[in-house]
Engineer: 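My questions will all concern the structure given below.
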Amino acid sequence: MDNCIFCKINRGEINSKKYYEDEDFFIISDINPKARLHYLMIPKHHYALIGEQTEKDVEILGKMLNKLSKLAHELGLQDGYRVIINQGENGGQEVPHLHVHVLGGEKL
Ligand code: AMP
Ligand code: ZN
């Protein structure tokens, strides 16, 4: 998607440190952190809502959560974290490209 901020980060058109990247998704820090550590896990395929997922998207979201558990120590999240996916207007979703908020680094 041409104007999507997360697609632009994926393409390298906007600079952002990637803490992890593979063929399916990447992890960056949220620009406006709501906790001491606030990451965004972003699938490379552009879609907005869980209800729009292809079978492959379902599989990738599962893999993302599993990978997070394996990266937790490296990301400073070894004592636990909170995972949030905002969906649509009432969910407070501002960027219409599905992403997983990961908050931690302190007791929430
Ligand atoms: P949401 O409200 O769930 O759509 O979350 C969008 C998140 O993206 C917000 O927490 C923003 O702070 C974050 N955000 C917006 N632009 C950037 C950016 N360029 N780099 C990192 N995070 C961003
Ligand atoms: Zn996008």
Side-chain angles (χ1 to χ4, degrees):
M1 295 291 272
D2 288 355
N3 276 327
C4 169
I5 196 154
F6 292 161
C7 285
K8 285 185 175 173
I9 290 172
N10 179 36
R11 291 193 297 261
E13 294 166 19
I14 294 175
N15 230 359
S16 187
K17 180 180 172 182
K18 293 185 175 122
Y19 293 86
Y20 175 80
E21 179 172 21
D22 65 21
E23 67 272 27
D24 297 321
F25 79 102
F26 56 94
I27 299 176
I28 60 173
S29 275
D30 197 294
I31 206 169
N32 181 210
K34 302 286 195 306
R36 198 174 77 76
L37 295 174
H38 185 169
Y39 299 102
L40 298 174
M41 292 203 297
I42 305 173
K44 292 187 174 181
H45 176 223
H46 178 99
Y47 65 98
L49 300 170
I50 291 169
E52 298 168 359
Q53 284 183 314
T54 64
E55 266 181 44
K56 179 86 177 148
D57 294 325
V58 172
E59 189 187 308
I60 288 170
L61 187 57
K63 282 187 185 169
M64 287 165 61
L65 293 173
N66 187 264
K67 191 70 185 179
L68 176 62
S69 75
K70 299 198 161 82
L71 293 172
H73 205 278
E74 194 179 314
L75 294 173
L77 301 169
Q78 62 280 350
D79 295 327
Y81 48 90
R82 183 174 295 167
V83 167
I84 299 168
I85 303 178
N86 295 326
Q87 292 283 272
E89 200 179 337
N90 280 5
Q93 184 176 10
E94 287 168 11
V95 178
H97 179 135
L98 189 124
H99 52 282
V100 180
H101 294 263
V102 182
L103 296 103
E106 63 180 312
K107 181 111 176 120
L108 300 171

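First listed ligand is number 1; within each ligand, the first listed atom is number 1.
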Engineer: Considering non-hydrogen atoms of the protein only, which is the closest contact for atom 14 (N) of ligand 1, and what is the distance?
Structural biologist: I31 CG2, 3.8 Å
Engineer: To the nearest 0.1 Å, how far is atom 2 (O) of ligand 1 from its closest protein heavy atom, and which atom is that?
Structural biologist: G92 O, 2.9 Å
Engineer: Tell me whether ligand 1 is touched by I14 - counting only heavy atoms on the residue side and a distance under 4.0 Å.
Structural biologist: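 Not so, I14 does not reach ligand 1.
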Engineer: Between H101, Q87, E94, flag the one that comes closest to atom 3 (O) of ligand 1 by a heavy atom.
Structural biologist: H101
Engineer: Would you mind running through ligand 1 and noting each atom that sits below 4.0 Å from a heavy atom of I5?
Structural biologist: 16 (N), 19 (N)
Engineer: So which heavy atom on M1 is nearest to which on R11, and how close?
Structural biologist: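 For M1 and R11, the tightest heavy-atom pair comes out as O-NH1, 3.5 Å.
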Engineer: Heavy-atom contacts under 4.0 Å between S29 and ligand 1: side chain, backbone, both, or neither?
Structural biologist: backbone
Engineer: Could you tell me which residues satisfy salt bridge (Lys or Arg N to Asp or Glu O under 4.0 Å) with R36, sequence neighbours excluded, listed by chain and number?
Structural biologist: none
Engineer: Which of the numbered atoms in ligand 1 are under 4.0 angstrom from any heavy atom belonging to N32?
Structural biologist: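 Listed by number with element, the hits are 12 (O).
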Engineer: Decide if atom CD of E55 counts as having more than 12 heavy atoms of other residues, nucleotides or ligands within a radius under 6.0 Å.
Structural biologist: no
Engineer: In ligand 1, which numbered atoms sit nearer than 4.0 Å to a non-hydrogen atom of N86?
Structural biologist: 1 (P), 2 (O), 3 (O)
Engineer: Is there a heavy atom of H99 sitting under 4.0 angstrom from any atom of ligand 1?
Structural biologist: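 A heavy atom of H99 does come that close to ligand 1.
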Engineer: Got a list of side-chain donor-acceptor pairs under 3.5 Å for residues 17-28, not counting sequence neighbours?
Structural biologist:
from: K18; atom 1: NZ; to: I9; atom 2: O; distance (Å): 3.1
from: Y19; atom 1: OH; to: S29; atom 2: OG; distance (Å): 3.1
from: Y20; atom 1: OH; to: D22; atom 2: OD2; distance (Å): 2.9
from: E21; atom 1: OE2; to: K44; atom 2: NZ; distance (Å): 2.9
from: D22; atom 1: OD1; to: D24; atom 2: N; distance (Å): 2.8
from: D22; atom 1: OD1; to: F25; atom 2: N; distance (Å): 3.0

Engineer: For atom 7 (C) of ligand 1, what's the nearest protein heavy-atom neighbour? Residue, atom name and distance, please.
Structural biologist: D30 OD2, 3.5 Å
Engineer: Counting N and O atoms only, with roles assigned by atom type, does the side chain of Q93 sit under 3.5 Å from a partner on the main chain of A48, one being a donor and the other an acceptor?
Structural biologist: yes
Engineer: For residues P43 and L98, determine if any side-chain heavy atom of one lies less than 4.5 Å from a side-chain heavy atom of the other.
Structural biologist: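 A side-chain contact under 4.5 Å exists here.
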Engineer: How close do I42 and M64 get, counting heavy atoms only, and between which atoms?
Structural biologist: N-CE, 4.1 Å
Engineer: What protein atoms of element N, O or S are positioned under 2.8 Å from the Zn ion (ligand 2)?
Structural biologist: C4 SG, C7 SG, H46 ND1, H97 ND1
Engineer: Examine ligand 1 and decide if any of its atoms is less than 4.0 Å from a heavy atom belonging to P96.
Structural biologist: no
Engineer: Are I85 and V102 in one and the same hydrophobic cluster, where Ile, Leu, Val, Met, Phe, Trp and Tyr link if side-chain heavy atoms are under 4.5 Å apart?
Structural biologist: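 Yes, it is one cluster - the side chains of I85 and V102 are joined through contacts under 4.5 Å.
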Engineer: Do the ring planes of F6 and H99 sit parallel (below 30°), tilted (30 to 60°) or perpendicular (above 60°)?
Structural biologist: perpendicular
Engineer: Just need the protein heavy atom nearest to atom 8 (O) of ligand 1, so name the residue and atom and give the distance.
Structural biologist: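 For this ligand atom, the closest protein heavy atom is F6 CZ, 3.6 Å.
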Engineer: If I compare all heavy atoms of P33 with all of H38, which pair ends up nearest, and what's the gap?
Structural biologist: CA-ND1, 3.5 Å
Engineer: Output a table of donor-acceptor pairs, distance under 3.5 Å, between side-chain atoms of residues 68-82 and any protein atom two or more places apart or on a different chain; print 'none' if there are none.
Structural biologist:
from: S69; atom 1: OG; to: N66; atom 2: O; distance (Å): 2.6
from: K70; atom 1: NZ; to: N66; atom 2: OD1; distance (Å): 2.7

Engineer: Would you mind listing which atoms of ligand 1 come within a distance below 4.0 Å of any non-hydrogen atom of I28?
Structural biologist: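 Contacts of ligand 1 toward I28, numbered from 1: 21 (C).
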Engineer: Looking only at atom types and distance, does a side-chain atom of N10 sit under 3.5 Å from a main-chain N or O of C7, one as donor and one as acceptor?
Structural biologist: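 No, N10 side chain to C7 backbone: no donor-acceptor pair under 3.5 Å.
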Engineer: V95 heavy atoms, cut-off 4.0 Å: which ligand 1 atoms fall inside?
Structural biologist: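 In order of numbering, the contacting atoms are 4 (O), 6 (C).
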Engineer: For A35 versus E106, what's the shortest heavy-atom pair and its separation?
Structural biologist: CA-OE2, 3.2 Å
